[in-house]
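For reference, the structure discussed in these notes is given below.
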Amino acid sequence: MNVLLFTYDRKLHLLIILAKFYIHKYRRSWLPGQAVVRAMSSSGGAVSPYTTLAISHPAESVTHVELHRPDKRNAMNRAFWSEMVDCFNEIAGDPGCRVVVVSGAGKVFTAGIDLMDMAGDILSPEGDDAARIAWNVRKVITKYQETFSVIEKCPKPVVVAVHGACVGGGVDLITACDIRLCTQDAWFQIKEVDVGLAADVGTLQRLPKVIGSRSLVNELALTARKMFADEAKSSGLVSRVFADKEAMIAAALEMAGEIAGRSPVAVQGTKVNLIYSRDHSVAEGLDYMATWNMSMLQTQDVMKSAQASMEKKSPKTIAFSKL
């Protein structure tokens, strides 16, 4: 979303180039006149209040968020960027939700940003001079950054299941999630340099924390080459690879069920402290943990979990209160 200050003619010329590039690459998914996407889970779940997302509840305390523009290969249009924020803010405050699974409807996870829909925001910033234009551009960028930061800020663990293409903004999205799974046919691509941008909504900041190899991150970001499932697994981008989407979604829901069966005080506290420790020194992380648990250890969940352990019962047999 980084924006240079173009004259009107240069903006129009660049827009035409970008449009041709993406129409050629995703020709089938970007043709005009496609049917409006139904706000319905592909598995026949509940109707969603969103136009780009389908929300369902496949198991107790588990929320499934599905990117749902299959006719557009789940390209991220203007509505998506605000709906993700609304969706995850709602999830964060929902005491009935303990775990989130994110996936994509249709043939791919996501083709990335929908430039045809986003061109106005990207190429036509408001302002009377360079300073005011730049000020407004920064507001736009930080707004879009929040679309994925809200996933990281959500105290509920987020499991993302990727199949097929995960391009551009898709990499920004998955690096903000807590657990990443993919299918054998999945591939990942930091596409921004191919369209004259530096990725600016999370990939360059989070991917080095995820993979750990600065050299590999630099290679992927600077060359825009595709990373396939086996390399994604060996590099640590994903933790498990599955034969197909059906097997992956089943495993994601099973994993979500395992997490949801634990104390929400313990699970959500674990996520918060893992993220805090990632961005701070060991000493700072320990100090924050001590402050956190000086109150959280007073939960009844500790005694309930200890009792179940002594009786050799699964934590899923415990009736934990909502948090």
Sequence neighbours excluded, which residues qualify as side-chain hydrogen bond (donor to acceptor under 3.5 Å, both in side chains) partners of D279?
none
Do D301 and S263 pair up side chain to side chain, a donor and an acceptor below 3.5 Å, judged on atom types alone?
yes
Which side chain to side chain donor-acceptor pair (under 3.5 Å) pairs, counting each pair once, include a residue from residues 158-173, with sequence neighbours left out?
D172-T203
Between R225 and E231, does any side-chain N to carboxylate O distance fall below 4.0 Å?
yes
Given the rule in the salt bridge (charged side-chain N to carboxylate O under 4.0 Å, His left out) test, do R69 and D114 qualify, once you have shown the distances and angles that lead to the verdict?
CA-CA 11 Å; R69 300 184 74 213; D114 186 339; 3.1 Å; yes
Qualifying residues under side-chain hydrogen bond (donor to acceptor under 3.5 Å, both in side chains), relative to E258, sequence neighbours excluded:
R262, K316
Donor-acceptor pair between S103 and H64 side chains, under 3.5 angstrom:
yes
With sequence neighbours excluded, what pairs up with S281 under the side-chain hydrogen bond (donor to acceptor under 3.5 Å, both in side chains) test?
E284
Side chains of T51 and E83: donor-acceptor distance under 3.5 Å anywhere?
yes
What distance do D178 atom CG and I151 atom CD1 have between them, rounded to the nearest 0.5 Å?
9.5 Å
Ignoring hydrogens and angles, state whether a donor on the side chain of D194 or Q189 is under 3.5 Å from an acceptor on the partner side chain.
no
Sorted by chain and residue number, the side-chain hydrogen bond (donor to acceptor under 3.5 Å, both in side chains) partners of R206 (sequence neighbours excluded) come out as S149, E152
Taking I179 as the fixed residue, which of V159, I174, V158, V99 is the one that meets the side chain to side chain contact (heavy atoms under 4.5 Å, CB included) rule?
V159
With F88, which residues qualify under ring pair (Phe, Tyr, Trp, His ring centres under 6.0 Å), at least two apart?
none
